[in-house]
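Residues: numbered from 1 along the sequence shown.
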Amino acid sequence: MARTCLTIILAAGEGSRMKSSTPKVLHKIANKTLLGHVMNAAQIAGGNSHSVVVGKEAAKVEAEAKTHSDKVDVFLQTERLGTGHAVLAAKDAIEREFDDILVLFGDTPLIQAETLQRLRKSLENGAQVVVLGFRTNDPTGYGRLVENEGKLVAIREHKDASEDELKIKFCNGGIMAFSGKHAMSLLNAIGNDNVNKEYYLTDIVEIAKKGDLKVVAIEADESEVMGVNDRFQLAQIEDIWQQTKRAELMRSGVTMHAPSTVYLSYDTIIEPDTIIEPNVVFGPNVSVKSAAQIKAFSHLEGAQVASKAIVGPYARLRPGAQLKEGSKVGNFCEIKNAIVEEGAKVNHLSYIGDAHIGKNANIGAGTITCNYDGMNKHKTKIGENAFIGSNSSLIAPVEIGDDAYVGSGSVITSNVPSNDLAIARSRQSNKTGLAIKIRARNQAIKDAKNK
Ligand code: UD1
Ligand code: CA
């Protein structure tokens, strides 16, 4: 039977360096909260239940946690007495007897599921306590992994370390796993006899050793355990995340002309043989199919772009935009909750909202679907092969039939049947020579003023 796993996510740090009214773990990387990143990794690694330990704003954190899993408990740590004390806030969950317990930090979003799986594997192979270490040239501030003959014997916090221990470059990444069976006795044995007068979770290494339990350290890359304390670090971690995701996409067959200017979301899907030009932003929930092209300075969210479609430059696709195969949405166009069928073109300066545009229809420059009356949204339907002349306003609800024509500058208020031409503008009349008279009159007014 698969081993059960509880993850305890510590998030009771006051987060004051963020200078924010939002709890630290609810800040986002790639449009997903730090907490969401950590919880997702934990879930992929087989976490069955999550306990989040918070210091304030419990309700907000709980609401966010529940969007990622329905097996969530939130515990309040009212006094911040150290990481060992924080873990014990989740005592009620720990006592439910899980096989594995993983302790994660809520502000360490780059942790990989694969690494958590390695920690769990060590437990499965007989270790009772597993520590995730990393090597760094600047270990300042971190707990040091003290080894004896290659075996982990203690973790010494920076402030408590001896001269010799301070030279150690193998550090505690903060993430730890221990066997559920021994959890309570190990945690209860933690004292606060140290410089900070805190209950250090890290003390369970020495406690376990004394009890003849098996303790091991495994290693990860430093970047995986980087934590967010302020907004500069938030940006640095975002940068690492973005670089990793871009590299992944490019290696899978996506061309990016200026990768560092492309912003991706946690769930962005881009298929091979697509071209992404510079300065493109992908908000949440976007997929781009093979051989599509996203030209420079486009902004997409909640949009689906089919194969061979062309978007931009300077296009905005909002939630519900669905571009079908070979369709085109050009510069300064906004598409919201609208389907643009195969081969249809919306090439210049248009707003298309709550609409369906038929196959191969051509939407002229400046066409606006007037979808909102100040209270309600209404639909516009444009048939196959329809041609909408430039600068037309289509007042929804309205339908333009297949193969119909709308004359430029029309304000369309009622349906246009298939194959009809609709012109809804006043007829032009030319007054012969009247321009000369007008010019003379205007000149006279100007001269009178300048006297
Ligand atoms: C901790 C480790 C250290 C490790 C480092 C890695 C301990 C004692 N030390 O140190 O060995 O190298 O992380 O980054 O574990 N928290 C609570 N309640 C508390 C205290 C902390 O929820 O009472 C949470 C914080 O929100 C944070 C995490 O625990 O997410 C770590 O706490 P922090 O004070 O940052 O520990 P460090 O001193 O960095
Ligand atoms: Ca820290």
Side-chain angles (χ1 to χ4, degrees), residues 261 277-281 295-301 310-319 321 327-338 340 344-358 361-383 385-401 403-417 419-451:
T261 67
E277 289 190 355
N279 295 296
V280 174
V281 175
K295 297 188 176 219
F297 295 99
S298 294
H299 189 286
L300 299 80
E301 58 184 317
I310 299 178
V311 176
Y314 296 99
R316 178 162 187 216
L317 303 187
R318 291 177 51 207
S327 62
K328 278 175 85 174
V329 171
N331 41 269
F332 308 108
C333 292
E334 174 178 341
I335 311 283
K336 185 218 76 172
N337 186 32
V340 181
K345 295 189 187 109
V346 187
N347 272 341
H348 331 268
L349 299 152
S350 281
Y351 170 65
I352 303 294
D354 303 307
H356 184 273
I357 297 179
N362 191 313
I363 310 300
T367 298
I368 306 289
T369 54
C370 307
N371 62 326
Y372 186 50
D373 58 16
M375 296 261 183
N376 300 298
K377 304 271 167 71
H378 303 282
K379 273 212 80 134
T380 300
K381 192 163 181 290
I382 298 173
N385 300 310
F387 182 96
I388 312 297
S390 295
N391 204 32
S392 294
S393 304
L394 310 175
I395 316 262
V398 71
E399 284 189 27
I400 316 292
D403 304 291
Y405 253 83
V406 169
S408 288
S410 289
V411 177
I412 299 292
T413 54
S414 50
N415 293 348
V416 180
N419 281 315
D420 278 13
L421 164 67
I423 303 179
R425 61 185 190 224
S426 50
R427 186 172 281 280
Q428 177 172 339
S429 68
N430 294 350
K431 315 284 181 204
T432 309
L434 201 63
I436 298 167
K437 283 190 185 165
I438 289 175
R439 217 177 292 120
R441 187 196 65 187
N442 289 351
Q443 187 65 55
I445 294 169
K446 192 173 180 185
D447 291 347
K449 268 197 201 145
N450 291 342
K451 246 194 206 152

How long is the straight-line distance from CG of Asn347 back to NZ of Lys328, given to the nearest 0.5 Å?
5.0 Å
State, with a plain yes or no, whether a side-chain heavy atom of Asn362 is found less than 4.5 Å away from one of Ile388.
no
Arg425 and Val411, any side-chain heavy atoms less than 4.5 Å apart
no
If we only count heavy atoms from C-beta on, is the Asn371 to Thr380 side-chain gap below 4.5 Å?
no
Work out which heavy atom in Ser350 is nearest to a heavy atom in Ile363; give both atom names and the distance.
OG-CG2, 4.2 Å
Search all heavy atoms of Ile400 against all heavy atoms of Ala386 and return the closest pair with its distance.
CG2-CB, 4.4 Å
With a sphere of 6.0 Å drawn around CD1 of Ile436, does it hold more than 12 non-hydrogen atoms of other residues, nucleotides or ligands?
no
Sub-4.5 Å side-chain heavy-atom contact between Lys336 and Lys377:
yes
What I'd like to find out is whether the side chain of Glu277 reaches to under 4.5 Å of the side chain of Asn279, using heavy atoms alone.
no
Please name all residues satisfying side chain to side chain donor-acceptor pair (under 3.5 Å) with Arg318, sequence neighbours left out, ordered by chain then number.
Glu334
So, taking the atom named CD1 in Ile368 and the one named OH in Tyr351, what distance separates them when rounded to the nearest 0.5 Å?
9.0 Å
Within 6.0 angstrom of Lys379 NZ, more than 12 heavy atoms from elsewhere:
yes
Is any side-chain heavy atom of Ile382 less than 4.5 Å from a side-chain heavy atom of Leu394?
yes
Give the minimum heavy-atom separation between Ala422 and Ile412, together with the two atoms involved.
CB-CD1, 3.9 Å
In this structure, CG of Asp420 is separated from CG of Asn415 (nearest 0.5 Å) by 11.0 Å
Given 3.5 Å as the limit, does a donor-acceptor pair link the side chain of Asp403 with the main chain of Asn419, or not?
no
Which distance, rounded to the nearest 0.5 Å, do you find between the CG of Leu300 and the CZ of Arg316?
10.5 Å
State, to 0.1 Å, how close Thr369 and Ala355 come at their nearest heavy-atom pair, and which atoms those are.
CG2-CB, 4.4 Å
Is it the case that more than 12 heavy atoms not belonging to Tyr314 sit under 6.0 Å from its OH atom?
no
When every non-hydrogen atom of Ala361 is compared with those of Gly383, the smallest separation belongs to CB-O, 3.7 Å
Residues in side chain to side chain donor-acceptor pair (under 3.5 Å) contact with His378, at least two apart in sequence or another chain
Asp373
Can you find a pair of side-chain heavy atoms, one from Asn391 and one from Ser408, that are under 4.5 Å apart?
no
Least distance between heavy atoms, Gly407 atom then Ser392 atom
O-OG, 3.4 Å
